[in-house]
Amino acid sequence: MNPMRIAVIAGDGIGKDVTAEAVNVLTAVGERFGAPFELDHLPWGADHYLTTGVTLPPDGYDTLRQHDAVFIGALGDPRVPDNRHARDILLGTRFELDLYVNYRPIKLLDERLCPLKGRAPRDIDFVVLRENTEGLYVSVGGRVRAGTEDEIAIQEEVNTWKGVHRIVRHAFEFATARGLTKVCMADKSNAMTSGHALWQRVFREVSAAYPKIEATHYYIDALAMYLVLDPAQFQVIVTNNLFGDIITDLGAALQGGLGMAASGNIHPGRTSMFEPVHGSAPKFAGKNIANPIGAIGSAALMLETLGLNEQAAAIDAAVLAAVKDNQVTQDIGGRLGTREAGDYIASRIRSR
Ligand code: NAD
Ligand code: IPM
Ligand code: MN
């Protein structure tokens, strides 16, 4: 069998630091299990853009499509104030590869990491399925008379039946496949009475086909409150692109911080992309400070999606061991640097 090919874009800032540790861990997985994958490193990011003027080459998305999966560290650099390269590389990949499921599991690994009082791992264990190809992210709109007091800025939210239907259906299919019993949809249909009426209609119609699954709805503001007051009630949350972006940073905080949170940008059956939820955190870049667990967990989601379940489980077990042994970075109470934390996880994988 040919090895699977994974494109790796370390990107900017701490994206480089944490990607190095995800690669470190993937190398350890290869040593323990035999490597059914090979990594192709792509140089795209702010440095590449600033030297060449190219965010990604004209055949860039095709290059990604020719891989079995894509791993991205993070994109964002203060030298590119309009974030042009991040839009092309990160959002472009989500759109062009039609990665409509942004899969963001929120799982507390140890009570000590949760900022809420008295919450145990069993209380915080749910997934957010964020619509990833439309909503307010489509760049429909524009500015007129920009820079004057007469400026008008319009940014449209696009909701299509097909786009809403496929993510809502995915949420119910996901719950069914995992033996879960609850799906919660969050929108703002009390104020956004056109676009989110479509979410209401689709959720009602799709949920009727899954009578064994309890379908609930919250307005997004109430959901934000319940995520803090009673996160244990959630199993699967499905929501639109922007709301999903915001609540997954809140979800990351419940897990111990942005450094802990992993994600997959998935089109089932096609080349998908995996990245930590956090950004490039420029102030930490290159300082051996960033927590690599979000990136390493994203590598595990990637292997799981590629069908390498045993390998993915080995990564998750090693991460859990690192947290239990407090062999972790400062943001979650340890004393290690990024590299040492990555090495510890890699060594746990090799030694079993
Ligand atoms: P950020 O996620 O980069 O950082 C916010 C804060 O979270 C940091 O200052 C730090 O305190 C903490 N943090 C984040 N990752 C951490 C880690 N691995 N370990 C420890 N602490 C960590 O968000 P920001 O400051 O809003 O954005 C910085 C840049 O990153 C911007 O250019 C933004 O557009 C970009 N961004 C990119 C992505 C992505 O590539 N997927 C995601 C979010 C933000
Ligand atoms: C994320 C990020 C991106 C998003 C930014 C960098 C455009 O915040 O992946 O959560 O908003 O989707
Ligand atoms: Mn975000």
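Residue numbers run from 1 in the order of the sequence given. As the structure lists them, so they are numbered: ligands from 1, and atoms in each ligand from 1. A quick note: this is a predicted structure, and the numbers were derived from the prediction, not measured.
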Which atom of Asp245 approaches the Mn ion (ligand 3) most closely (N/O/S): OD1
Atom 1 (C) of ligand 2 [closest protein heavy-atom partner, distance rounded to 0.1 Å]: Arg104 NH2, 3.4 Å
Atom 37 (C) of ligand 1 [closest protein heavy-atom partner, distance rounded to 0.1 Å]: Leu75 O, 3.0 Å
Ionic contact status for Lys324 with Glu111, cut-off 4.0 Å: no
Heavy atom of the protein closest to atom 4 (O) of ligand 1 (residue, atom name, distance): Ala281 CB, 4.0 Å
Atom pair CG/CD of Leu26 and Glu38 - distance to nearest 0.5 Å: 13.0 Å
Atom pair CZ (Phe274) and CD1 (Ile6), whose distance is rounded to the nearest 0.5 Å: 9.0 Å
Heavy-atom proximity to atom 6 (C) of ligand 2, best of Ile246, Leu90, Val277, Leu136: Leu90
Protein contact of atom 41 (N) of ligand 1 - nearest heavy atom, named by residue and atom, plus distance: Glu275 OE1, 3.0 Å
Part of Asn291 within contact of ligand 1 (heavy atoms, under 4.0 Å): both
Closest approach of any protein heavy atom to atom 10 (C) of ligand 1, naming residue and atom: Phe284 CE1, 3.7 Å
Salt-bridge contact Glu275-Arg94 (side-chain N to carboxylate O under 4.0 Å): yes
Side-chain donor-acceptor contact under 3.5 Å, Asp343 with Asn24: yes
Shortest protein contact, atom 2 (O) of ligand 1 (heavy atom only): Gly279 N, 2.7 Å
Shared hydrophobic cluster for Val128 and Val101 (ILVMFWY, side-chain gaps under 4.5 Å): yes
For ligand 1, the portion of Asn83 having any non-hydrogen atom under 4.0 Å away: side chain
Minimum non-hydrogen distance to atom 5 (C) of ligand 1, winning option of Leu258, Ile89, Asp249: Leu258
Short N-O contact, Arg270 and Asp68, less than 4.0 angstrom: no
Atom 26 (O) of ligand 1 protein-contacted, heavy-atom criterion under 4.0 angstrom: no
His278 heavy atom under 4.0 Å from ligand 2: no
Ligand 1 contact by Gly294, heavy-atom criterion under 4.0 angstrom: no
Ionic contact status for Lys107 with Asp316, cut-off 4.0 Å: no
Pairing of Arg87 and Asp82 as salt bridge, 4.0 angstrom limit: no
Any Arg94 heavy atom less than 4.0 Å from ligand 2: yes
Ile14 contact mode with ligand 1 (heavy-atom cut-off under 4.0 Å): side chain
Salt bridge present between Glu151 and Arg145 (N-O < 4.0 angstrom): no
Close approach, Val277 and ligand 1, non-hydrogen under 4.0 angstrom: yes
